[in-house]
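First comes the structure, then the notes that go with it.
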Amino acid sequence: LGPWSWSVPDIEKYNYTRDQGFDPLVDSMTYGLAHKLEMGPRFQDPQREVADYFLKEYRAAFIAEWMKDKNILVGLPLSITTNDQGGDKIIESLMGVLPWNSPQFILPGSTDDITALICYRPSRLKHLVSLWRTIADHEKISFSKWLLSTNRINDIDALGIAEEFLKRGVSVIIVDVEDVSKNHLDLSHYISCNIL
């Protein structure tokens, strides 16, 4: 992979922090999918305006970097699920904001230019604990209460998630997070040195 870019636009305008990277993009795609029937021209909703803003800003950031001949690195903060939460639709929405699918420009590119990196943890329990720490307010809700109240179990199905990308012609790399840790390597360094 040649020069790459972490293409995050100004997201602080709507109370996100730069550390949240692609959370606004996923939130906007999820909102758009959940309210598809309401998205007519007369429908006014502040959340829709925020969702539209982020979709436009991320698309512009991706196009700007792609036109500089850079590869785009996207980190999805939530696992793309294979259950009825619409994970497959989020993958489709993500494909729609990529530069070569822009309605404004004709740019080269295709799914051949995409590689999905999936972090896999062989221990299902460790994987669930990692999800709890990542997506729940783990200082306020115990692991057991979160587990009973969530339907995120499908998020640990790394092979199912990989299959959703493969169905769309996207290359997949699966990284065994525990193996990386056993070898005393930092995951982000491992990814940047061995994959990017």
Inset, instruction - Please collect all salt bridge (Lys or Arg N to Asp or Glu O under 4.0 Å) contacts where either partner lies in residues 54-64, sequence neighbours excluded, each pair once. - result: none
Inset, instruction - Salt-bridge test for Glu163 and Lys167: reply yes if a basic N is under 4.0 Å from a carboxylate O, no otherwise. - result: no
Legend entry - Leu125 vs Phe143, side-chain contact (heavy atoms from CB on, under 4.5 Å): CA-CA, chis, key distance, verdict: CA-CA 11 Å; Leu125 181 59; Phe143 176 71; 4.0 Å; yes
Inset, instruction - Indicate yes or no for a side-chain donor-acceptor contact from Trp132 to the backbone of Ile141 under 3.5 Å, with no hydrogens or angles considered. - result: yes
Inset, instruction - State which residues pass side-chain contact (heavy atoms from CB on, under 4.5 Å) with Lys182; sequence neighbours excluded, sorted by chain then number. - result: none
Legend entry - Distance-minimising heavy-atom pair for Leu128 and Trp146: O-CZ3, 3.7 Å
Legend entry - Heavy-atom check, side chain of Leu25 versus side chain of Phe62, under 4.5 Å: yes
Legend entry - Between CD on residue Glu164 and CD on residue Glu92, distance to nearest 0.5 Å: 9.0 Å
Legend entry - Within-4.5 Å side-chain heavy-atom neighbours: Ile72 and Tyr58: no
Inset, instruction - First locate atom OG of Ser93, then atom CG of Asn101, and finally report the distance between them rounded to the nearest 0.5 Å. - result: 11.5 Å
Legend entry - Ile114 and Arg168, any side-chain heavy atoms less than 4.5 Å apart: no
Inset, instruction - Might you point out which heavy atoms bring Ala162 and Ile174 nearest each other, and give the distance in Å? - result: CB-CD1, 4.1 Å
Legend entry - Asn183 side chain to Val180 backbone, donor-acceptor under 3.5 Å: no
Inset, instruction - Taking Trp66 for its side chain and Pro108 for its backbone only, find out whether a donor-acceptor pair lies under 3.5 Å. - result: yes
Inset, instruction - Locate the shortest heavy-atom distance separating Leu107 from Pro99; write the atom from each residue and the value. - result: CD1-O, 3.6 Å
Inset, instruction - Find the distance between CD1 (Ile118) and CG (Asp176) and round it off to the nearest 0.5 Å. - result: 13.0 Å
Legend entry - Matching residue for Phe165 among Leu117, Thr115, Val172 - test: side-chain contact (heavy atoms from CB on, under 4.5 Å): Val172
Inset, instruction - Looking only at non-hydrogen atoms, find the nearest pair between Ser28 and Phe54 and report the distance. - result: OG-CB, 3.3 Å
